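Only a predicted model underlies this, so the values are computations on that prediction, with no experimental measurement involved.
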Amino acid sequence: MRPATAADLDALVSLNRVVQALHVKLEPEVFRAEVDVAALRAFFAALIDKPDTGLLIAEIAAEPVGYLWFDRQERPPTVLTQARRRLYVQHLAVRESARRSGVATALLQAVEAEARAGNVTQLVLDAWTRNEEALRFFQGRGFRPFNVVLAKVLE
């Protein structure tokens, strides 16, 4: 595991196809089937330079096979809530050929180490309810549901 650099932009764009295809399959009315490659490359370049964002690259034999994008979230206390610091996992993607080889687990362990190093005690992510494989994977690594978002389509 290592932090992504500008040299990884093409790999990030390629690996993002895994996430994007799944998102389109699960929520086609939300996600774009066609993504502008130059715009996506620029998007990842901006994330690499963003101070409260991290992009980790997983490699096998010096070949990028996965990535994890996370944001550091710090919320001050309000009249209703306690202050909180957490890392929020936005994307976790592993190339199909590298699945079930420990890559996703290693990426999660790396972001957990990042959280601990920053005295952050909570790692948060979301997964689509229809993505049963991801739900099983995350729950098998200690994640538990804590908030359910409901939606209603208005006609």
Side-chain angles (χ1 to χ4, degrees), residues 1-9 11-32 35-36 38-59 64-95 102-154:
M1 282 337 103
R2 62 175 177 77
T5 68
D8 296 308
L9 290 173
L12 287 164
V13 167
S14 175
L15 290 165
N16 177 260
R17 291 185 184 113
V18 173
V19 173
Q20 193 66 18
L22 178 63
H23 286 167
V24 169
K25 178 181 173 185
L26 294 174
E27 295 291 336
E29 56 285 333
V30 174
F31 293 97
R32 297 175 187 265
V35 176
D36 180 280
L40 183 57
R41 197 172 198 283
F43 175 79
F44 279 122
L47 289 180
I48 288 170
D49 293 333
K50 194 172 173 188
D52 286 330
T53 295
L55 279 167
L56 302 175
I57 296 284
E59 295 177 316
V65 295
Y67 78 92
L68 186 146
W69 159 27
F70 68 91
D71 290 322
R72 290 175 193 87
Q73 297 180 337
E74 203 157 333
R75 304 287 189 261
T78 70
V79 69
L80 299 173
T81 62
Q82 304 288 341
R84 75 175 171 195
R85 297 175 69 217
R86 65 187 193 176
L87 293 188
Y88 191 94
V89 176
Q90 298 285 356
H91 282 182
L92 174 59
V94 176
R95 196 176 305 283
V103 171
T105 298
L107 282 164
L108 282 177
Q109 289 170 340
V111 79
E112 285 178 23
E114 176 89 18
R116 286 187 182 96
N119 293 316
V120 174
T121 59
Q122 188 178 43
L123 188 59
V124 180
L125 54 79
D126 64 73
W128 297 100
T129 57
R130 291 183 290 179
N131 190 349
E132 293 174 5
E133 182 180 0
L135 292 171
R136 280 191 304 275
F137 172 79
F138 292 126
Q139 288 176 354
R141 276 132 197 95
F143 288 84
R144 298 292 174 253
F146 74 97
N147 184 38
V148 176
V149 178
L150 304 173
K152 178 180 179 180
V153 176
L154 303 177

How about Leu22 and Trp128: do any of their side-chain heavy atoms sit closer than 4.5 Å?
no
Between side-chain atoms of residues 44-52 and protein atoms elsewhere (two or more places apart, or another chain), which donor-acceptor pairs fall under 3.5 Å?
none

If every non-hydrogen atom of Val103 is compared with every non-hydrogen atom of Gly66, which pair is closest and at what distance?
CG1-CA, 4.5 Å
With sequence neighbours excluded, tell me which residues meet salt bridge (charged side-chain N to carboxylate O under 4.0 Å, His left out) with Arg85.
Glu74
Which atom pairs, donor and acceptor, lie under 3.5 Å between side-chain atoms of residues 107-126 and protein residues at least two apart or in another chain?
from, atom 1, to, atom 2, distance (Å)
Glu114, OE2, Arg72, NH2, 2.6
Asp126, OD2, Tyr88, OH, 2.1

Which residue pairs pass the salt bridge (charged side-chain N to carboxylate O under 4.0 Å, His left out) test when at least one of the two sits in residues 132-150, sequence neighbours left out?
Arg100-Glu133
Here the gap from His23 atom NE2 to Gln20 atom CD, rounded to the nearest 0.5 Å, amounts to 7.5 Å
Taking ring-ring contact (aromatic ring centres under 6.0 Å, His included) as the test, write out the residues that go with Phe43, two or more places apart.
Trp69
Thr81 meets the side-chain contact (heavy atoms from CB on, under 4.5 Å) criterion, sequence neighbours left out, with Thr78
Between Leu12 and Leu40, is the side-chain contact (heavy atoms from CB on, under 4.5 Å) condition met? List the steps.
CA-CA 9 Å; Leu12 287 164; Leu40 183 57; over 6 Å; no
For His91, the side chain to side chain donor-acceptor pair (under 3.5 Å) test, sequence neighbours excluded, returns Tyr67
Could you pull out all residues at least two apart from Asn147 that satisfy side-chain contact (heavy atoms from CB on, under 4.5 Å)?
Val149
Applying salt bridge (charged side-chain N to carboxylate O under 4.0 Å, His left out), can you list everything that pairs with Glu29, at least two apart in sequence or on another chain?
none
Sequence-distant partners of Arg86, side chain to side chain donor-acceptor pair (under 3.5 Å), two or more places apart:
Gln73
In terms of heavy-atom contacts, Val24 and Arg32 come closest through CG2-O, 3.2 Å
Could you tell me which non-hydrogen atom of Ala106 sits nearest to which non-hydrogen atom of Met1, and how far apart they are?
CB-CE, 3.4 Å
Check side chain to side chain donor-acceptor pair (under 3.5 Å) between Gln139 and all other residues, then give those that pass, not counting sequence neighbours.
none
Between Pro3 and Asp8, the two heavy atoms sitting closest are O-OD2, 4.2 Å
